[in-house]
Amino acid sequence: MELLQSVYTPHALNIPRDKRVRFSYREFELGALHCGSVEYGCDVSFATTVPTDYLNLSMLCRGYAKTDDRVFSAGDAAAINIGDQPAMRLSADSRIVNLKIPASDLMKTCKMLYGHSWDGDTPRFKTWMDAQSPESRWLQSAVACLAQVPHTGHSSDVDLASRVSEGLLMQLVLTWPTDNHPYKSQDLATASIVKRAMDYIESSLDQAPRLEDLAQVTGVGIRTLHRAFSNHVGISPIRYALKRRLEKAHLMLTTSPCSLTVAEVATAAGFHNFGDFSASYRQHFGELPSAARKRRKPR
């Protein structure tokens, strides 16, 4: 229990006298992001004693939870915003997964995407999301993505962790609704263009998308698409797609079965010229793909 107090905002925990706690907590970190799974094993209630200094995205994986005005069931998600002081009651069989995001990294991402500060200093994300909402499904896939990132002990681990967490934070800011968005409809439309292009790229990482394909998917011209990406992401859409394909290749090289060859990994990531793949991979990760593959131990 003391571990939770050190990881999250200090909070008061109320446990019935006749109940036995079967506490379970698992955690991992990737870049700036901290993911933790919490189970108490009995009915509990808690309330934070000071405002939070981070954004916490929570998903109820099992059981139910209650606040003063809402009941949550499995699959529902919540955003505990910076400065909030949440209070909640949890059922004995409940399990909650939390994604903790430091305020500094969140604001850095907002600045990167939109170029200036948020109204009221920090974004206020919509608080409650039901299990079928795009936001709840995004949170579930984001946690799964973080859990799958390999830890090989190589110096490239830090760079990969930073890139993955940066990409997920961009998706969060573009996906999760806010109550105090500072941008006009034109800015929101531009953010929507970027998100549609990113979604298409993520769904087709085994290909090398053309600008014409991305423009057709987003419904805008090539110049508009290029300008939107340059303003919001800082790189061109093709450069972003290359970055994501290389990250997919890195993930496969360090986690997939050893029977899969480097050439097959290259093809799966949309590279059909092995020389181009090796050169791009080395430039991005500082080593040849064959070197990364050699560190993959047979099972």
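Position 1 is the first residue of the sequence; numbering continues from there. None of these values were measured; they are calculated from a predicted model.
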side-chain contact (heavy atoms from CB on, under 4.5 Å) for Ser280 and Leu246? Distances and angles first, verdict last. CA-CA 8 Å; Ser280 297; Leu246 287 170; 4.1 Å; yes

Passes side-chain hydrogen bond (donor to acceptor under 3.5 Å, both in side chains), Asn98 versus Ser58? Steps please. CA-CA 4 Å; Asn98 295 311; Ser58 298; 2.5 Å; yes

Do Ile193 and Phe229 have side chains that approach each other closer than 4.5 Å (heavy atoms only, starting at C-beta)? no

Just how far is it from atom CD of Glu264 to atom CE of Met252, taken to the nearest 0.5 Å? 8.5 Å

Are the side chain of Ser165 and the backbone N or O of Ser162 linked by a donor-acceptor pair below 3.5 Å? yes

Is it the case that atom CD in Glu212 sees more than 12 heavy atoms from other parts of the structure closer than 6.0 Å? yes

Check: Met59 and Asp76 side chains under 4.5 Å, non-hydrogen atoms: no

Flag the pair Asn14 / Arg89 as yes when at least one side-chain heavy-atom distance between them is below 4.5 Å, and no otherwise. no

With side-chain contact (heavy atoms from CB on, under 4.5 Å) as the test, would you mind laying out the steps for Tyr54 and Ile101 before giving the verdict? CA-CA 6 Å; Tyr54 54 85; Ile101 302 167; 6.0 Å; no

What pair of heavy atoms forms the shortest contact from Thr218 to Arg196, and how long is it? O-NH2, 2.6 Å

Heavy-atom side-chain proximity of Leu57 to Phe125 below 4.5 angstrom: no

Check whether the ring centres of Tyr64 and Phe72 lie less than 6.0 Å apart, and answer yes or no. no

Using a strict cut-off of less than 4.0 Å between a Lys/Arg side-chain nitrogen and an Asp/Glu carboxylate oxygen, indicate whether Lys108 and Asp105 qualify as a salt bridge. no

With side-chain contact (heavy atoms from CB on, under 4.5 Å) as the test, would you mind laying out the steps for Leu60 and Ser94 before giving the verdict? CA-CA 7 Å; Leu60 186 65; Ser94 65; 4.1 Å; yes

So Ser256 and Arg293, do their side chains get closer than 4.5 Å, heavy atoms only? yes

Go through Ile96 and Cys61 one step at a time and tell me if the side-chain contact (heavy atoms from CB on, under 4.5 Å) criterion holds. CA-CA 6 Å; Ile96 291 182; Cys61 300; over 6 Å; no

Relative to Phe271, does Arg245 satisfy both conditions: NZ or CZ under 6.0 angstrom from the six-membered ring centre, and within 45 degrees of the ring's axis? yes

Backbone N or O of Asn81 within a donor-acceptor pair of the Thr52 side chain at under 3.5 Å? yes

Using modelled atom types only, decide if a donor and an acceptor are shared between the side chain of Asp276 and the backbone of Asn273 within a distance under 3.5 Å. no

CZ (Arg26) and OG (Ser37) are apart, to the nearest 0.5 Å, by 5.0 Å

Mind checking whether Trp176 and Trp138 have parallel, tilted or perpendicular rings, split at 30° and 60°? perpendicular

Is the backbone of Asp130 close enough, under 3.5 Å, to the side chain of Ser133 for a donor and an acceptor to pair up by distance? yes

Do Phe274 and Leu288 land in one hydrophobic cluster if side-chain heavy atoms of ILVMFWY residues count as linked below 4.5 Å? no

Short N-O contact, Asp43 and Lys66, less than 4.0 angstrom: no

Identify the heavy atoms of Ala131 and Ala74 that sit nearest to each other, and give their distance. CB-O, 3.8 Å

Does Glu166 come within less than 4.0 Å of Arg163, counting only side-chain N to carboxylate O? no

Got a sec: does the CZ of Arg282 have more than 12 other heavy atoms crowding it under 6.0 Å? no

Heavy-atom side-chain proximity of Val149 to Asp157 below 4.5 angstrom: no

Verify same cluster id: Ile235, Ile222 (apolar side-chain graph, 4.5 Å): yes

Measure up the Tyr281 and Phe285 rings against each other and bin them: parallel (under 30°), tilted (30 to 60°), perpendicular (over 60°). tilted

Which heavy atom of Lys248 sits nearest to which heavy atom of Leu205, and what is that distance? CD-CB, 3.7 Å

Within 6.0 Å of CD in Gln140, more than 12 heavy atoms from elsewhere: no

What are the two closest non-hydrogen atoms of Ala249 and Val265, and how far apart are they? O-CG1, 3.7 Å

Minimum heavy-atom distance between Leu251 and Thr255, given as atom pair plus value: O-OG1, 2.5 Å

Indicate yes or no for a side-chain donor-acceptor contact from Gln148 to the backbone of Cys145 under 3.5 Å, with no hydrogens or angles considered. no

Would Lys126 and Glu135 pass as an ion pair if we require N to O under 4.0 Å? no

For the residue pair Leu99 and Asn56, establish whether any side-chain heavy-atom pair is separated by less than 4.5 Å. no

Looking only at heavy atoms, what is the nearest atom pair of Lys195 and Leu174, with distance? CD-O, 3.7 Å

Any donor-acceptor pair under 3.5 Å from Arg62 side chain to Asp93 backbone: yes

Taking atom CG of Leu172 and atom CG of Leu106, what is their separation to the nearest 0.5 Å? 6.5 Å

Thr224 side chain to Val220 backbone, donor-acceptor under 3.5 Å: no

With a 4.5 Å limit on heavy-atom distance, are the side chains of Arg124 and Thr178 in contact? no

Rounded to the nearest 0.5 Å, how far apart are CG of Leu242 and CD of Glu247? 9.5 Å

Look up atom CZ in Arg244 and atom CD in Glu202, then write down how far apart they are to the nearest 0.5 Å. 4.0 Å

Group every Ile, Leu, Val, Met, Phe, Trp and Tyr by side-chain heavy-atom contacts under 4.5 Å, then state whether Val38 and Ile80 land in the same group. no

Say whether, by atom type as modelled, one donor and one acceptor occur between the side chain of Ser203 and the main chain of Tyr200 under 3.5 angstrom. yes

Is there a donor-acceptor pair under 3.5 Å between the side chain of Ser236 and the backbone N or O of Arg239? yes

How far does OG1 of Thr48 sit from CE of Met88, to the nearest 0.5 angstrom? 10.5 Å

